[in-house]
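Read the structure below first, then the notes.
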Amino acid sequence: MHRLSVLFLLVELISYTGAAQQTKPPRPDPFVDPKHDPYNILKYIASDTLAAIAFSLVLLVAIAQTWFMKKWGAKWMMSMTIGAYCFAFGIGTRFGLHIHPQSLGIYIVGNTFVVLSPCAFIAADYVLLGRLARHLDADKHLLFVSSRRLTFAFVMSDLVTFFIQASGGGLSASAVNNPQMALIGARVFLGGLIAQLLSFGVFWCLYLVFLYRVRKYNPEIWSMDKSKAWYNSWLALATALFISCIGILIRSGFRVAELSQGFQGHLATTEPFFYGLDTLPLFIAIAVYIPFWPGRFLGKPNAPRRFY
């Protein structure tokens with residue numbers, strides 16, 4: 001259902017922008033003054049070099065995760081892998097924006113994939129914590145909530161905040177001749193982003209509490225892999241999840257700040273911010289699992305856990 005909501009939102013957005021373009025002046029040369037070009041949503045010419053670097057790195061991570069999934073398992077991380085491919089596709093559309101900076105269609109497609117892909121990364125981290133808790137037989141350290149219920153609760157919260165964002169975006173897109181309703185829609189959309197950030201922030205805090213309680217009350221679990229190489233210890237995977245959460249939190253905070261300024265604000269119209277506070281943190285959030293693929297740690301008991 002949420003996919004249909006996204007498609008409906010995009011149709012409304014296209015209709016809105018199509019109507020708005022009827023009152024705009026003739027199209028200027030897109031490369032003369034992109035900052036003041038009313039048809040250039042980005043307000044800059046997308047860099048081919050930065051797009052190529054980001055696209056290549058994210059795609060390599062997606063391919064590596066696909067191979068690791070086949071070699072070591074952990075198909076429940078598939079949402080992250082699929083999200084990585086989608087994220088790479090979204091970044092790849094910026095090649096088109098470099099050539100056609102006034103193209104609304106390219107912008108909508110690219111922005112949709114870039115904005116929605118992290119939802120898949122978040123879902124994978126939610127599932128990973130539950131799997132890790134069951135692997136360690138440490139559900140009792142999840143503040144008296146079972147790992148399955150915890151995962152279900154956070155996935156549902158992610159869906160709810162997604163629908164809030166979709167409804168806010170739809171309200172803004174449909175309010176063609178009503179600036180007040182458009183402003184209300186933008187605020188609803190921002191509220192959805194804030195709620196999603198808070199939800200993931202709570203998840204991260206619960207994860208920190210989980211690690212603290214395991215170390216304090218079950219030191220034998222904490223040190224169960226001390227005879228193994230550090231990169232084969234479950235603590236290495238736990239650290240990877242911690243880093244992944246930090247990357248997602250940075251990106252989510254940036255998106256909230258960006259929308260708080262508006263779509264034409266300084267953050268939204270400055271390319272280095274997009275790569276430094278959105279693409280890079282998300283890349284780290286998924287690339288950190290390359291040397292610490294969960295299947296090596298949480299796979300079958302007799303499966304080899306060597307990294308080579």
Side-chain angles (χ1 to χ4, degrees), residues 5-55 58 86-118 165-190 192-193 251 254-279:
S5 300
V6 175
L7 292 176
F8 178 73
L9 172 61
L10 293 180
V11 171
E12 287 187 316
L13 181 57
I14 293 173
S15 300
Y16 164 72
T17 51
Q21 286 177 352
Q22 295 177 2
T23 62
K24 288 184 177 180
R27 291 180 180 270
D29 186 325
F31 301 99
V32 173
D33 187 12
K35 185 176 181 179
H36 300 97
D37 183 353
Y39 295 95
N40 186 332
I41 299 179
L42 293 177
K43 300 304 178 185
Y44 58 82
I45 304 299
S47 169
D48 263 356
T49 302
L50 293 177
I53 294 173
F55 172 80
V58 174
C86 293
F87 191 45
F89 176 81
I91 295 173
T93 61
R94 296 177 75 86
F95 293 118
L97 285 176
H98 176 81
I99 301 173
H100 304 288
Q102 296 176 338
S103 174
L104 178 62
I106 296 177
Y107 172 81
I108 290 176
V109 172
N111 193 59
T112 299
F113 276 88
V114 167
V115 171
L116 294 183
S117 296
Q165 296 172 52
S167 62
L171 184 61
S172 296
S174 62
V176 179
N177 299 314
N178 193 332
Q180 184 176 3
M181 291 301 296
L183 179 60
I184 293 175
R187 289 175 176 173
V188 171
F189 185 74
L190 176 60
L193 283 175
R251 178 267 177 188
F254 163 71
R255 284 296 182 178
V256 169
E258 178 189 49
L259 189 58
S260 298
Q261 293 184 352
F263 293 105
Q264 300 301 314
H266 182 61
L267 292 176
T269 57
T270 305
E271 190 171 31
F273 285 126
F274 169 73
Y275 286 107
L277 296 177
D278 187 285
T279 307

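Along the sequence shown, the residues carry numbers beginning at 1.
With rounding to the nearest 0.5 Å, the separation of CZ in F254 from CG in D278 is 6.0 Å. Separation of atoms CG (L277) and CG (L267) is listed at 7.5 Å; rounding is to 0.5 Å. The OH atom of Y44 lies 8.5 Å from the CG atom of L97; values are rounded to the nearest 0.5 Å. Rounding to the nearest 0.5 Å places CD1 of I91 at 12.5 Å from CZ of F113. In this structure, L104 CG and N40 CG are separated by 11.0 Å, a value rounded to the nearest 0.5 Å.
Residues I45 and F31 have side chains in contact (heavy-atom distance under 4.5 Å, counting atoms from C-beta outward). Within the 4.5 Å cutoff, side-chain heavy atoms of T279 are placed close to those of F87. When side chains are defined from C-beta on, L42 does not count as touching P101, because their heavy atoms never get closer than 4.5 Å. Looking only at side-chain heavy atoms (C-beta outward), P28 and Q102 come within less than 4.5 Å of each other. Put simply, the side chain of N111 does not reach to within 4.5 Å of the side chain of I41, judged on heavy atoms. Proximity of Y39 to P30: side-chain heavy atoms (C-beta onward) are nowhere separated by under 4.5 Å.
Salt-bridge check for R251 with E258: failed, with every basic side-chain N at 4.0 Å or more from each acidic carboxylate O.
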*For D48 and F95, what are the C-alpha separation, side-chain angles and deciding distance, and is it a side chain to side chain contact (heavy atoms under 4.5 Å, CB included)?*
CA-CA 6 Å; D48 263 356; F95 293 118; 3.4 Å; yes
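The salt bridge (charged side-chain N to carboxylate O under 4.0 Å, His left out) with E271 is formed by just one residue from the set K43, R94, K35; it is R94.
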